[in-house]
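Letters go in sequence order (proteins before strands), and every chain restarts at 1.
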Amino acid sequence: MYRVVKKRLLAPVIALLEVHAPAVAAKVEPGQFIIVRVDEFGERVPLTVMDFDREKGTITIVVQDVGYSSSLICAMNEGDKFQDFVGPLGVATDIENYGTVVCVGGGLGNAPIYPIARALKAAGNHVITVIGSRTADLLILEEELTEVSNELVIATNDGSKGVKGFVTDGLAHVLSQGHDVKVIWAIGPMVMMKAVVEYTRPLGIKTIVSMNPIMVDGTGMCGACRISVGNETKFACVDGPEFDGHLVDFDLAMKRVAFYKDEENRAKARLECDHEGGHH
Amino acid sequence: MAEKVKKVKIPRHDMPCQDPQVRAHNFEEVALGYTQETAVEEAKRCLQCKDPKCREGCPVEVLIPDFIKKVAEEDFLEAGKVLKVKNSLPAVCGRVCPQETQCEIKCILGKKGDPVAIGRLERFVADYDIKFGEAKFEKPEPTGKRVAIIGGGPSGLACAGDLAKAGHAVTIFEALHVAGGVLMYGIPQFRLPKEIVQTEITNLKQMGVEILTNQVVGKITSVDELMANGYDAVFIGTGAGLPYFMNIPGENLNGVYSANEFLTRTNLMKGYKFPDYVTPVKVGKSVAVLGAGNVAMDSARTALRLGAENVYIIYRRSRNEMPARNEELEHAEEEGIQFHLLTNPVSIEGDERGWVKSMTCLRYELGEPDASGRRAPVAIPGSEYVLPMDTVVVAIGQGPNPLVTKSTPGLDLNKRGNIVADEDTLMTSKPGVFAGGDIVTGAATVILAMGAGKKAAGAIDQYLKAK
């Protein structure tokens with residue numbers, strides 16, 4: 001169980017893994033997440049689902065090598081097994097026919113935005129997708145997202161592909177065309193989601209974000225993932241991960257996600273030291 | 001006659017413990033356990049009452065005088081067999097049961113002196129059995145009935161053990177990556193070594209109990225689906241896994257943990273062995289634990305072992321009202337935990353990074369007795385004081401986790417969200433679905449949950465036979 005059946009590198013440090021987990025695949029819906037543990041020493045790592053295949057019984061996740069656990073996951077190959085794979089967790093995206101919707105993906109956020117865009121399109125929405133990255137090399141899932149969108153807009157910070165600038169510039173480009181946008185989904189790094197939310201706030205367009213705070217159990221038991229939404233404390237793992245972005249306190253969320261930076265660096269440094277043949 | 005007088009004169013034997021100064025800095029077990037000689041001596045104190053009151057005090061009705069008699073006769077393996085007739089997790093119960101308010105309070109020796117140390121003897125026998133006993137289990141005739149148990153904590157494990165003994169096929173659905181529930185994530189290593197818990201769980205597996213981990217019922221499957229997929233009955237033992245917070249300013253600052261998170265990081269994820277185990281937990285110099293129950297004591301003593309210099313218990317009432325076991329209080333005091341009683345936190349203050357910097361507290365005094373008969377604490381105006389602080393652990397209680405209850409239509413709940421179950425059978429409003437432990441009673445003790453699990457097992461057995 002939990003065997004990696006397919007691996008594909010989407011960018012130099014971004015891996016796509018298709019994992020055999022039939023019971024999870026049978027139930028998962030867009031917007032939900034899973035928690036993995038690489039081995040018995042590992043952390044419980046929450047990852048938003050990028051794709052699922054109920055017939056093959058697989059879940060696809062996309063991971064960027066940014067820290068200790070993510071680098072171990074990215075190093076996994078076909079045939080390797082996760083120690084643990086739990087899900088589906090969280091509340092699924094509220095999919096219905098809203099009319100015209102925009103799906104904004106930033107960086108790794110293109111992965112979780114994919115099944116949402118697909119489901120929204122299948123529900124009859126006119127789906128405009130805006131994706132972005134620092135540079136063209138790091139832009140992932142362009143082809144897949146093109147397939148599940150009616151229109152696709154690309155923004156890169158360095159202008160190496162599409163609009164030069166941030167996803168908010170891409171979004172501005174879309175909105176300037178006079179679409180009657182009913183709902184926006186924005187998924188990506190915290191700073192990006194905050195920027196989108198601040199951009200759409202004065203426009204009064206409902207904007208949904210997917211929060212990925214620090215978690216442990218993922219079932220509402222520990223409260224590590226608490227965030228403030230409309231001045232109320234919510235647990236992202238069971239109340240979310242999606243929330244009305246205009247109500248989320250992003251400043252607090254960004255501070256909370258940085259709490260273990262030192263420990264993360266320590267673990268990562270040790271891992272790199274091990275790789276170079278060093279001792280503990 | 002002379003024999004009896006002699007028995008009473010043997011004083012109760014103390015539990016040998018690690019030195020407080022030493023143990024405050026390690027995660028090794030605090031209580032070291034009786035030696036064989038001590039156990040036999042202590043067992044000889046038992047009067048072997050014809051009508052033993054101690055048994056009445058035990059939620060699982062352990063055959064107390066019978067197993068103690070075997071200890072006195074130095075037949076420790078036989079003692080283990082007798083003990084396990086009623087208790088499928090004796091090494092756990094011998095460590096974490098509040099014997100002083102259950103079996104030992106009923107002991108006739110306690111009327112004039114100290115009761116027999118039943119808990120310490122239970123632990124001795126269970127540990128001896130793990131070490132030298134043969135885990136032989138004669139599988140009963142299979143009944144062909146299948147029971148799903150949701151939650152691998154104390155109630156679920158106890159229920160599973162009894163159902164397996166009755167010949168039913170039992171599957172436990174555990175949400176975490178390891179079974180044991182609060183025994184694994186909550187109670188610290190120094191009070192209940194995780195190896196002991198896993199040994200007891202391995203015994204259950206040898207009895208034929210199937211344990212599926214990583215199964216969050218309410219998400220991956222549901223009670224109705226289990227019933228539709230061939231399970232003849234379901235037992236819900238999902239515990240009290242929803243942490244309460246104080247709702248004071250600053251509670252979302254970095255460094256404020258629920259006790260559940262703090263203990264889960266340390267125990268389940270082995271954060272005390274970071275970076276060998278990768279899940280971090282950090283305490284800084286000063287730690288405040290809010291609350292005064294057993295979970296609060298566990299949190300405070302854990303903080304000390306993680307390297308904190310000042311660990312405070314902050315509690316609104318006075319010492320007499322503290323809900324923790326006396327033994328836990330004493331251990332905490334010996335290790336240097338500082339008690340700020342008749343004190344309540346008002347707010348937690350942070351620095352520019354959003355990390356805990358200090359905590360403001362308000363002093364209280366005892367006023368008139370309230371509805372519960374306890375003297376109500378009354379705030380003293382202007383008595384605020386500020387303590388420098390790095391970490392705050394909120395240990396004021398837990399509520400029922402709604403993942404299972406919300407996904408089960410037709411399941412009656414009370415207004416706090418606990419499952420309503422029949423007092424005698426523990427059957428819920430859904431036929432064939434039973435519930436017990438903290439999910440029914442609200443947060444209580446391991447042994448009460450185990451008692452409920454056993455009771456439900458009996459009722460499920462009856463239900464399946466009648467079906």
Side-chain angles (χ1 to χ4, degrees), chain A residues 1-2 21 23-24 26-28 32 34-35 37-45 67-69 72 83-90 214 216-228 233 235 238 249 251-260 262-264 266-271 280, chain B residues 175-178 182 185-186 212-222 225 238-245 247 251-265 268-271 273-282 350 352-355 394 398-399 401-404 406:
Chain A
M1 274 272 259
Y2 316 144
V24 184
K27 286 293 168 66
V28 69
Q32 291 190 296
I34 50 100
I35 284 182
R37 222 159 57 104
V38 175
D39 56 34
E40 70 158 303
F41 302 100
E43 298 173 274
R44 294 171 62 94
V45 184
Y68 177 84
S69 294
L72 289 185
Q83 174 94 10
D84 297 291
F85 195 99
V86 199
L89 298 169
I214 293 170
V216 185
D217 64 290
T219 64
M221 187 267 272
C222 84
C225 65
R226 58 198 192 276
I227 58 172
S228 180
T233 295
F235 290 179
V238 286
D249 182 343
D251 292 335
L252 175 72
M254 283 189 263
K255 283 175 180 165
R256 286 187 63 80
V257 91
F259 187 45
Y260 294 105
D262 289 350
E263 287 75 13
E264 178 69 26
R266 247 181 91 194
K268 180 91 205 245
R270 207 175 84 139
L271 184 71
H280 291 171
Chain B
L176 291 170
H177 54 263
V178 56
V182 74
Y185 75 74
L212 302 177
T213 53
N214 296 328
Q215 306 292 310
V216 182
V217 176
K219 293 290 180 186
I220 198 165
T221 185
S222 66
E225 259 186 50
T238 48
L242 187 76
Y244 290 145
F245 286 90
N247 294 319
E251 227 168 359
N252 288 335
L253 288 165
N254 285 344
V256 182
Y257 290 97
S258 73
N260 274 0
E261 183 190 357
F262 187 65
L263 294 172
T264 297
R265 282 179 177 276
L268 179 73
M269 305 310 296
K270 301 205 177 354
K273 293 184 181 171
F274 181 87
D276 287 338
Y277 285 77
V278 196
T279 305
V281 56
K282 52 182 170 191
E352 66 288 344
R353 290 184 304 165
W355 291 34
V394 185
Q398 300 94 236
N401 189 308
L403 277 182
V404 172
K406 264 189 173 170

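Using a 30° and 60° split on the angle between ring planes, A:Phe259 and B:Trp355 fall in the perpendicular class, above 60°.
Contact of B:Glu225 with chain A is made through the side chain alone, with heavy-atom distances under 4.5 Å. Only the side chain of B:Tyr185 comes within contact range of chain A, judged by heavy atoms closer than 4.5 Å. Contacts of B:Leu403 with chain A are made by side-chain atoms alone, with heavy-atom separations under 4.5 Å and no backbone atom involved. Residue B:Lys219 touches chain A through both its backbone and its side chain, counting heavy-atom pairs closer than 4.5 Å. Proximity to chain B is limited to the backbone of A:Phe85, based on heavy atoms less than 4.5 angstrom apart. Of the two parts of A:Ile214, only the side chain, counted from C-beta on, holds a non-hydrogen atom closer than 4.5 Å to a non-hydrogen atom of chain B. Proximity to chain B involves both the backbone and the side chain of A:Arg44, based on heavy atoms less than 4.5 angstrom apart. With a 4.5 Å cut-off on non-hydrogen atoms, B:Gln398 does not touch chain A at all. For B:Leu263, no part lies near chain A; criterion is any non-hydrogen pair under 4.5 Å. Looking at A:Val216, the atoms closer than 4.5 Å to chain B (heavy atoms on both sides) all sit in the side chain, from C-beta outward. Looking at B:Val256, the atoms closer than 4.5 Å to chain A (heavy atoms on both sides) sit in the backbone and in the side chain alike.
Counting only heavy atoms from C-beta outward, the side chains of B:Met269 and A:Arg37 approach each other to under 4.5 Å. For the pair B:Lys282 and A:Tyr260, the minimum side-chain heavy-atom distance is below 4.5 Å.
Taken from NZ in A:Lys255 to CG in B:Asn252, the straight-line distance is 12.0 Å, to the nearest 0.5 Å. Note that the CG atom of A:Leu89 and the CD1 atom of B:Ile220 stand 9.0 Å from one another [nearest 0.5 Å].
Under the rule for a side-chain contact (heavy atoms from CB on, under 4.5 Å), the partners of B:Tyr244 that lie at least two apart in sequence or sit in another chain are B:Ile396, B:Pro400. Legend: residues meeting side chain to side chain donor-acceptor pair (under 3.5 Å) with A:Arg256, ordered by chain and number and at least two apart, are absent.
Checked by atom type and distance alone, the side chain of A:Arg226 pairs as donor or acceptor with a backbone atom of B:Glu251 at under 3.5 Å. Without hydrogens or angle criteria, B:Asn260 side chain to A:Met221 main chain gives a donor-acceptor distance under 3.5 Å.
Taking A:Ala267, A:Gly90, A:Ala258 one by one and counting their heavy-atom pairs under 4.5 Å with chain B, the maximum is reached by A:Gly90. With chain A as partner, the option from B:Ala175, B:Gly255, B:Ala240 having the largest number of non-hydrogen pairs under 4.5 angstrom is B:Gly255. Interface summary for chain B: among A:Asp39, A:Asp217, A:Thr233, the most heavy-atom pairs under 4.5 angstrom belong to A:Thr233. Options B:Tyr277, B:Tyr257, B:Phe245 differ in how many heavy-atom pairs under 4.5 Å they form with chain A, and the most are formed by B:Tyr277. The greatest number of non-hydrogen atom pairs below 4.5 Å with chain A, out of B:Arg353, B:Lys270, B:Arg265, is found for B:Arg265. Contact count against chain A (heavy-atom pairs under 4.5 Å) is highest for B:Val278 among B:Asn401, B:Thr221, B:Val278.
Heavy-atom minimum distance, A:Gly223 versus B:Pro243: N-CG, 4.3 Å. In plain terms, the two heavy atoms of B:Ser258 and A:Cys222 that are nearest each other are OG-O, 2.6 Å.
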